[in-house]
Amino acid sequence: MSMIRKVLEPIGDLWSLVVGLRITGRNFTRPQVTVHYPREQVPTDLTDSYRGPIALVPHPRDATKSKCTACMICVGACPSQCITVVKAPAPVITPEQEKTFQEAEARGEEVERPVAPREPVIWINDFSLCSLCGMCVEACPPRCLTFSHELNAVGTSRDAFLHNLLIPYPGSLKPTPEQVQKLQER
Amino acid sequence: MTFLAAIPSELIHIVIGMVAIMAFVGIHVLVLVYAERKGAGHIQRRPGPFEVGPHGILQPLADAGKLIGKQLFTPTNADPILFWMAPVLAVFPVLLLFVPMPFGPVVTVQEVNLGLLLILAFAGIGVLSTMLAGWASNNKFGLLGAARTVSQSVAYEIPLLLAVLCIAFQKGSLNLSTIVEGQGSWPWQWNIVTQPLAFLIFLVCAFAETNRAPFDLPEAESELTAGFHTEYSGMGFGMFFMAEYANMVVVSGVCTALFLGGWKGPGIDGVWWFMIKVYALLALFIWVRWTYPRVRFDQLLNINWKWLIPLATLNLLGTVFLMKVF
């Protein structure tokens with residue numbers, strides 16, 4: 001019996017060859033999945049799940065500003081140290097203002113001293129160092145960092161990869177020339 | 001003009017035939033390279049070559065230009081004579097194999113009484129060229145490829161010959177044109193009906209003899225980089241490439257003549273039927289290459305020694321017996 005089975009088994013196995021040919025033949029007739037890149041773009045339903053360079057989320061009430069509070073947790077979380085955030089400075093209080101505040105306090109009134117606005121003036125991601133690990137996105141307490149769906153992160157120089165994440169937010173504070181210079185010195 | 005008249009007309013006939021064969025082979029190599037890459041692409045659901053010319057149709061020409069333009073290297077300590085003889089030996093005998101090929105009722109370069117024998121004999125030089133290439137390149141991968149070629153080709157030539165012999169016995173001829181004429185126009189009058197097993201054996205051996213996947217062990221890129229042609233650059237490699245595709249055409253042509261009725265077919269007999277069948281077989285070759293994984297070397301030899309040779313022998317004995325009885 002086993003002898004007969006030994007002879008018949010390979011004949012049955014030959015059928016698997018036909019099955020294989022059928023599978024490749026079916027795929028041959030199916031439409032292609034290749035996107036001819038420069039002439040075509042990947043459909044957006046596919047890029048929705050793509051995790052490109054990080055981006056800031058707009059503020060829910062003011063879309064011209066980012067949601068970022070400049071808490072610096074992302075800067076600490078980034079293992080590649082590619083994030084540079086400069087917090088907006090506290091407003092300078094003139095001696096006259098200080099005087100009025102002190103007088104008001106002496107009267108027992110509650111004084112609201114101007115505090116530093118909780119937003120960044122500079123937000124730069126050095127994409128040439130970024131490994132897209134997502135530590136910053138996970139660490140961000142107000143969930144104001146996300147991955148963008150940008151497919152074409154290309155540039156012709158190193159500086160082109162210093163992504164300024166505040167560019168889409170015209171309402172955000174502009175850095176003073178001194179701040180920019182300090183950043184460049186570093 | 002008297003000088004021209006002194007040339008025997010048969011010589012002129014053969015020279016014209018050889019030139020036509022070279023053109024035929026050249027065109028078919030280009031077409032097959034394109035077809036192979038397109039076939040591979042579509043089976044894997046990508047477009048294949050697409051950028052050079054409309055739908056990449058000029059890609060084989062661009063590749064040929066690139067191969068011709070490349071520098072030819074001879075490795076250190078390689079045998080230069082043998083090393084450069086191998087690609088030449090790979091291509092030129094293949095051209096000779098087209099001589100007795102019955103393309104049509106009158107379209108044959110030279111009808112040879114022992115046409116089948118001529119093809120089988122000169123096909124052996126291809127094995128020699130592969131072996132020389134691997135041996136002369138002074139490279140371990142080349143040497144391993146050469147060793148594989150020899151054991152594979154020697155082994156698979158036996159069932160191939162036995163399968164071919166069945167037809168030769170049945171038709172009582174080794175002349176391919178006579179064998180074709182012995183078959184009818186309708187598919188059920190072809191030799192494949194009376195000799196299905198021989199056809200299958202011939203087909204499997206054809207894959208092995210042309211070093212095509214799944215039997216492309218002499219150039220198995222996963223373990224031998226490129227096998228026997230590892231050290232060849234430019235047109236040295238290009239010649240092997242050409243020889244492989246030309247061999248495919250030869251094998252398909254022989255298979256068509258032996259088993260599929262050659263230039264005979266429903267309706268009007270002619271060259272077109274031969275070419276249609278050859279193209280169908282070539283398509284099968286390409287289809288199979290992109291379907292099956294490469295077999296292991298012991299599996300390769302097991303298929304041959306444990307299955308094909310016993311089956312081919314039994315088939316031949318059966319044919320001989322039946323021929324004697326009826």
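Below, chains carry the letters A, B, ... as their sequence lines are ordered, and counting in each starts from 1. Note that the structure is predicted; figures quoted are calculated from it, not measured.
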Asks: Please report all inter-chain donor-acceptor pairs (under 3.5 Å) between chain B and chain A, with distances to 0.1 Å.
Replies:
| unit_1 | atom_1 | unit_2 | atom_2 | d |
| --- | --- | --- | --- | --- |
| H42(B) | ND1 | Q32(A) | NE2 | 3.2 |
| H42(B) | NE2 | Q32(A) | NE2 | 3.4 |
| R45(B) | O | V33(A) | N | 3.1 |
| R45(B) | NE | P31(A) | O | 3.0 |
| R45(B) | NH2 | P31(A) | O | 2.9 |
| E51(B) | OE1 | R39(A) | NH1 | 3.4 |
| E51(B) | OE2 | R39(A) | NH2 | 3.2 |
| W287(B) | NE1 | L21(A) | O | 3.1 |
| W287(B) | NE1 | T24(A) | OG1 | 3.0 |
| T291(B) | OG1 | T24(A) | OG1 | 2.7 |
| Y292(B) | OH | L17(A) | O | 2.6 |

Asks: Flag yes if more than 12 heavy atoms outside M135(A) fall under 6.0 Å of its CE atom; otherwise flag no.
Replies: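 No, the 6.0 Å shell around CE holds no more than 12 heavy atoms from other groups.
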Asks: Give, as side chain, backbone, both or neither, the part of L17(A) having an atom under 4.5 angstrom from any heavy atom of chain B.
Replies: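 Backbone plus side chain of L17(A), per the 4.5 Å heavy-atom cut-off to chain B.
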Asks: Decide if atom CD1 of I158(B) counts as having more than 12 heavy atoms of other residues, nucleotides or ligands within a radius under 6.0 Å.
Replies: yes
